[in-house]
Every structure is written in structure tokens, then in C-alpha cells.
Enquirer: 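Here it is: the structure, laid out below.
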Amino acid sequence: MLWTDVDRFGYLDPWRMLDRLNRAATGTLAPSTSEFPLVNVWMDGDRALVTSELPGVEPKDVDISVAGRTVTLRGSRTTADMCKEECQHRHERWSGNFTRSFELPFVIDQNKVEAKFSRGVLQFILPRAEADKPRKIAIKAE
């Protein structure tokens, strides 16, 4: 974890740091199941664009909630069992319920959030609340 993450979010998560160190030491780039689904976040001054790959998930099984600066993504992914447990040779694809929360550096306008789901990729736009945007203060000369 970078110290800039501490500055940005205001806290240290030792478990996430240990997970990242373990992945760096072993050369493993795959995330742990606690990080499913993975998200990418792009920001400018007025909004954040978030994308997440959710293969095998139906849009009706995904819930996005916003509270202040925090975004929570919840859902479930099920796998179709082709045969009984005895004949399963390999099971690498994770299934079950997931929850992923993260904070943005600004308050989100909950009424203007837009989301779309296309070809297994969830994309949503989180606009910054007007009250949270910086304002220029006019200085009056006397």
C-alpha cells in the first residue's frame, strides 16, 4: 500500500497490505476472493467513473448503493452445476454473494448516479454533489 493511499483515505488496512505484499512476493497478480469484484475508478473534479467486470452475473442480481462518500456494490454469482459433485474435476470459478465498498474523496450526488451493464461489464458514473464542490470566494475591496 502506498502512503498516498493513507493520505487519501485516512486509514491503514493491515490485511490489505499483507495481501498485496504476499501477491508481490509470490508473483501472483490475481486478487483474493475478498476483492471480488475488481473495480477501476477514474476521476475528474466533478465525477467518478467506475467499471467492474462481472462475468456470469445478471444485472438484476447487482445492487449499487451510495451514502455520502461511500459506494457499495452487492450481488451474487451462481454457477450452473453440470453434474453431481462426484464428477467435478476442477472448480476454479468463484460463486456466491459478494460485497465491495470503497470511498471517494468527495460526497456523491445520489440522485444523479447513472449505471449501465453491457456484456458482463458494469459501468456507473458518480457525480460530485454541488454542495461539496469548491467555490471561489469573491473578495470585496474597501
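Just so it is clear, the structure is predicted and the values come from calculations on it, not from any experiment. Hydrogens, waters and symmetry mates play no part in the numbers below; they use all other heavy atoms, side chains included.
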Enquirer: Show me the pairs that pass side chain to side chain donor-acceptor pair (under 3.5 Å) and involve residues 124-135, at least two apart or across chains.
Expert: Arg128-Asp132, Glu130-Lys133
Enquirer: Which pairs, with at least one residue in residues 62-75 and sequence neighbours excluded, count as a side chain to side chain donor-acceptor pair (under 3.5 Å)?
Expert: Thr72-Ser101
Enquirer: Is there side-chain contact between Arg100 and Pro37, with heavy atoms separated by less than 4.5 Å?
Expert: yes
Enquirer: Taking distance alone, no hydrogens or angles, what donor-acceptor pairs closer than 3.5 Å link side-chain atoms of residues 39-47 to residues at least two apart or in another chain?
Expert:
| unit_1 | atom_1 | unit_2 | atom_2 | d |
| --- | --- | --- | --- | --- |
| Asp44 | OD1 | Asp46 | N | 2.9 |
| Asp44 | OD1 | Arg47 | N | 2.9 |

Enquirer: By ring pair (Phe, Tyr, Trp, His ring centres under 6.0 Å), which residues pair with Phe98, not counting sequence neighbours?
Expert: Phe36
Enquirer: Side-chain atoms of residues 49-62: list all donor-acceptor pairs with protein atoms under 3.5 Å, sequence neighbours left out, distances to 0.1 Å.
Expert:
| unit_1 | atom_1 | unit_2 | atom_2 | d |
| --- | --- | --- | --- | --- |
| Ser52 | OG | Leu38 | O | 2.9 |

Enquirer: Of Val71, Ile125, Ile108, which is the lone residue that meets side chain to side chain contact (heavy atoms under 4.5 Å, CB included) with Val113?
Expert: Ile108
